[in-house]
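See below for the structure under consideration.
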Amino acid sequence: MPAQNPISGVNDFVIRFANVNGSGSASANELFARSILRMGVPVSPRNIFPSNIQGLPTWYEVRVSEAGHLGARGGIDMMVAMNPQTWDKDVASIEPGGYLLYDSTKPMPKSKFRDDINVIGVPLTAITNSTYTDPRQRQLFKNIIYLGALSALLDIDPKMIEQLIGEQYKGKEKLFSSNVHALHLGRDYALQNLKCPIGLRVQKSDKVGDRIFIEGNSAAALGAVYGGATVCAWYPITPSSSLADAFTSHCRRLRHDPETKKAKYAIVQGEDELASIGIVIGAGWNGARAFTATSGPGISLMQEFIGLSYFAEIPAVIMDVQRAGPSTGMPTRTQQCDIISAAYASHGDTKHILLFPEDPAEAFEMAAQAFDLADRLQTTIFLMLDLDIGMNHRLCRPLKWDDAKQYDRGKVMTAAALEAGADFGRYLDVDGDGIAYRTYPGTHPTKGSFFTRGTSRDRYARYTEEGSAYQDNMQRLLRKFETAKDLVPRPLQANAEKPTKYGVIYFGSTSPAMDEAIELLESRGHQLDRLRIRAFPFHSSVPSFIAEHDFIYVVEQNRDSQLRSLIVNELSIDPVRLVPIVHYDGTPITARFIAHAIGDHLDALKITPLRKVVS
């Protein structure tokens with residue numbers, strides 16, 4: 001059932017697998033993505049899965065792009081439809097001229113197809129039933145069989161897949177042989193019965209380079225190890241649980257004494273999120289570098305303790321892997337919707353430092369940096385990940401670390417300084433930067449002690465309800481926040497080739513889609529300067545960038561334009577000049593969505609209203 005104008009492309013297409021959760025498809029789908037990567041072609045896979053254990057629909061989308069586009073593009077060039085529940089939706093999502101691969105064991109009415117797509121049937125169930133008798137084997141090997149068919153249809157080197165299977169089942173010859181056999185069952189059927197390859201093809205290339213393929217949660221966990229974290233307290237919550245699991249794995253490799261084999265770390269699963277952040281703050285007060293990993297609902301539960309960290313000035317790091325809210329929301333869908341709740345967490349007047357990594361490499365770097373910032377600023381630092389970065393494999397530059405690096409522990413009063421008669425006031429600003437000196441417990445037998453409290457106090461940590469002392473302390477905390485502007489990662493600006501009156505601000509996981517969207521907008525004749533925000537508080541370059549342009553588009557993945565609201569509130573910007581571009585259906589924002597939304601607005605600005613001619 002061929003279409004008149006089939007899509008064609010070499011190393012440039014989007015394929016989506018529609019499966020049933022719990023069917024064993026995840027392993028086969030990941031083998032598909034990794035095999036193309038082994039051929040030297042950049043890929044960017046995204047797993048869209050339900051929050052239950054088994055039975056509901058799941059999708060696995062792979063962006064194949066020799067040009068290196070790693071964001072979601074929008075649109076599906078080929079659909080591997082293995083789930084009857086979502087058939088109609090899956091078929092409808094295919095681009096005109098695209099391809100549909102399905103199990104043709106049972107005939108389907110013509111009404112279930114489209115005339116403008118290419119339909120490719122492989123009798124997967126018939127092949128598995130004639131080869132295997134065990135029901136579980138039939139289900140699992142069906143996935144490997146369609147992988148084999150795809151290798152022929154897309155001209156993927158089967159040796160790459162065989163290598164990956166060998167690595168997966170190293171030392172398990174029986175499993176290796178059975179999977180390779182299933183692979184060639186599908187490949188041989190396609191070669192003998194179908195036109196191979198189709199218009200979409202994979203061709204060996206060298207565009208991957210030295211980049212690595214890693215999940216953001218694992219990279220952030222490794223950053224915590226290199227950043228000196230020795231305590232992790234957490235409570236399981238999607239999509240952050242794998243971050244704590246990864247920290248555990250990294251510590252087992254890197255944090256055991258080589259001679260005694262004893263662990264040099266503590267990982268505690270608290271009874272809930274509130275207990276977890278309490279443990280982290282206690283460890284930070286005692287001088288350890290500590291963190292928790294959580295998501296939006298956990299941030300809601302931690303509010304009071306976050307306020308204690310802010311007001312008592314105790315270092316802590318929270319790695320927030322954001323998901324769709326509010327309440328339980330969509331636990332396995334991505335959003336950037338905790339910006340406001342994290343920036344102003346807790347009751348009263350609070351302001352917190354937020355870091356916005358764009359990919360696993362920055363997740364590693366900013367995770368490590370978060371502990372230096374927490375110690376330097378004596379407060380909670382939020383690393384704002386999201387599900388798209390955290391739970392999906394992404395190509396990124398290699399993770400690098402300078403072994404000569406020294407940790408920045410901030411202002412710590414030593415026993416020698418106390419013995420020499422230094423004036424120690426726990427909340428005394430001696431340098432004008434808002435940051436006071438602290439002492440570790442047990443620093444000196446008689447000097448340097450103070451009462452840690454969440455109540456108001458004077459500069460020497462003595463309890464008081466005097467309004468002037470309270471205001472003095474709150475103003476000092478604001479000075480410290482101002483100091484943070486020059487300590488956090490600065491925004492990155494990229495100017496258009498031609499001068500333009502328009503700019504765009506974005507952050508985090510929106511970055512790869514934005515890079516491609518800029519190309520799409522340029523093809524429509526639009527020029528945009530762009531600024532990627534990497535931290536809050538905002539550096540002085542942010543208001544300067546806004547002042548240089550007539551309109552600024554603020555692109556984010558939440559309903560209420562939270563970053564835009566933060567910019568308006570903190571920088572006193574006229575909101576009319578900030579045009580919100582929001583995407584919040586739980587799927588990663590796409591390049592086409594951004595280009596369409598901004599392009600249509602820019603097109604409208606070019607239209608000259610008709611004026612009535614007065615005679």
Side-chain angles (χ1 to χ4, degrees), residues 1-19 25 28-45 60-69 73 75-82 90-91 93-104 113-124 126-127 141-165 179-208:
M1 200 185 297
Q4 289 185 346
N5 297 301
I7 294 175
S8 62
V10 177
N11 298 345
D12 184 18
F13 59 88
V14 176
I15 182 171
R16 176 176 282 191
F17 299 82
N19 301 101
S25 59
N29 296 343
E30 188 173 329
L31 281 171
F32 173 84
R34 287 182 178 275
S35 66
I36 297 175
L37 197 65
R38 283 283 174 94
M39 292 178 68
V41 182
V43 298
S44 182
Y60 188 79
E61 183 175 306
V62 181
R63 176 77 188 277
V64 181
S65 174
E66 183 163 358
H69 296 306
R73 185 198 70 183
I76 307 299
D77 299 318
M78 186 173 193
M79 175 67 69
V80 181
M82 296 292 126
D90 295 332
V91 172
S93 68
I94 303 171
E95 296 277 282
Y99 302 84
L100 169 67
L101 175 64
Y102 79 108
D103 183 354
S104 61
F113 301 97
R114 285 168 44 192
D115 294 333
D116 62 343
I117 62 173
N118 302 278
V119 178
I120 305 169
V122 178
L124 297 168
I127 295 172
F141 286 124
K142 180 179 178 180
N143 303 315
I144 301 298
I145 291 170
Y146 73 60
L147 176 59
L150 284 170
S151 73
L153 292 166
L154 300 173
D155 206 16
I156 298 173
D157 187 349
K159 292 180 182 178
M160 298 297 177
I161 306 176
E162 291 174 10
Q163 287 177 8
L164 289 164
I165 294 173
N179 275 273
V180 170
H181 177 66
L183 178 75
H184 283 280
L185 283 175
R187 181 175 176 82
D188 291 345
Y189 178 88
L191 290 172
Q192 294 166 16
N193 298 277
L194 303 170
K195 182 182 178 181
C196 299
I198 59 174
L200 303 176
R201 292 180 53 235
V202 180
Q203 183 175 292
K204 284 188 177 181
S205 184
D206 59 356
K207 302 303 181 186
V208 173

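- In this structure, CG in Leu101 is found 12.0 Å from CG in Asn118, a value given to the nearest 0.5 Å.
- In terms of heavy-atom proximity, Pro123 sits nearest to Ser104 at N-OG, 3.3 Å.
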Between Asp12 and Glu66, is a side chain to side chain contact (heavy atoms under 4.5 Å, CB included) present by the stated rule, with each step listed?
-> CA-CA 6 Å; Asp12 184 18; Glu66 183 163 358; over 6 Å; no

Tell me, with the steps shown, if Glu95 and Val14 meet side chain to side chain contact (heavy atoms under 4.5 Å, CB included).
-> CA-CA 10 Å; Glu95 296 277 282; Val14 176; over 6 Å; no

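- A heavy-atom distance below 4.5 Å is not found between the side chains of Val202 and Asp155.
- Separation of the Phe113 and Tyr102 ring centroids falls under the 6.0 Å cut-off.
- Between the side chain of Arg114 and the backbone N or O of Val91, at least one donor-acceptor pair lies under 3.5 Å.
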Show me the donor-acceptor pairs, under 3.5 Å and distance only, between side chains in residues 141-154 and residues at least two apart or in other chains.
unit_1	atom_1	unit_2	atom_2	d
Lys142	NZ	Asp103	OD2	3.3
Asn143	ND2	Ser23	O	3.2
Asn143	ND2	Gly24	O	3.3
Asn143	ND2	Gln139	O	3.4
Asn143	ND2	Leu140	O	3.4
Tyr146	OH	Asn19	ND2	3.3
Tyr146	OH	Asn29	OD1	2.7
Ser151	OG	Gly148	O	2.5
Ser151	OG	Arg187	NH1	3.0

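- Nearest heavy atom pair, residue Pro42 against residue Val208, reads N-CG2, 3.9 Å.
- Annotation: side chain of Ile127 is in contact with side chain of Val122 (closest heavy-atom distance under 4.5 Å).
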Side-chain donor/acceptor pairs under 3.5 Å, residues 156-163, sequence neighbours excluded:
unit_1	atom_1	unit_2	atom_2	d
Asp157	OD1	Lys159	N	3.0
Glu162	OE2	His184	NE2	2.6

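- In this structure a side-chain-to-backbone donor-acceptor pair under 3.5 Å is missing from Asp77 to Gly98.
- Between Phe17 and Phe32, a ring centre-to-centre spacing shorter than 6.0 Å is recorded.
- Separation of atoms CZ (Arg38) and CG (Leu164) is listed at 4.5 Å; rounding is to 0.5 Å.
- The backbone N or O of Ala18 sits nowhere less than 3.5 Å from a side-chain atom of Arg16 that would complete a donor-acceptor pair.
- The two residues Ser8 and Leu200 make their nearest non-hydrogen contact at C-CD2, 4.1 Å.
- Looking only at side-chain heavy atoms (C-beta outward), Pro6 and Ile198 stay at 4.5 Å or farther from each other.
- Atom CG of residue Asn179 and atom NE2 of residue His181 lie 11.0 Å apart, to the nearest 0.5 angstrom.
- Considering all non-hydrogen atoms of both residues, Val41 and Ser205 come closest at CG2-CB, 4.0 Å.
- At least one side-chain heavy atom of Met79 sits less than 4.5 Å from a side-chain heavy atom of Ser93.
- Atom CE of Met78 sits about 11.0 Å away from atom CD1 of Ile7, to the nearest 0.5 Å.
- No donor-acceptor pair under 3.5 Å is formed between the side chain of Asn5 and the backbone N or O of Gly97.
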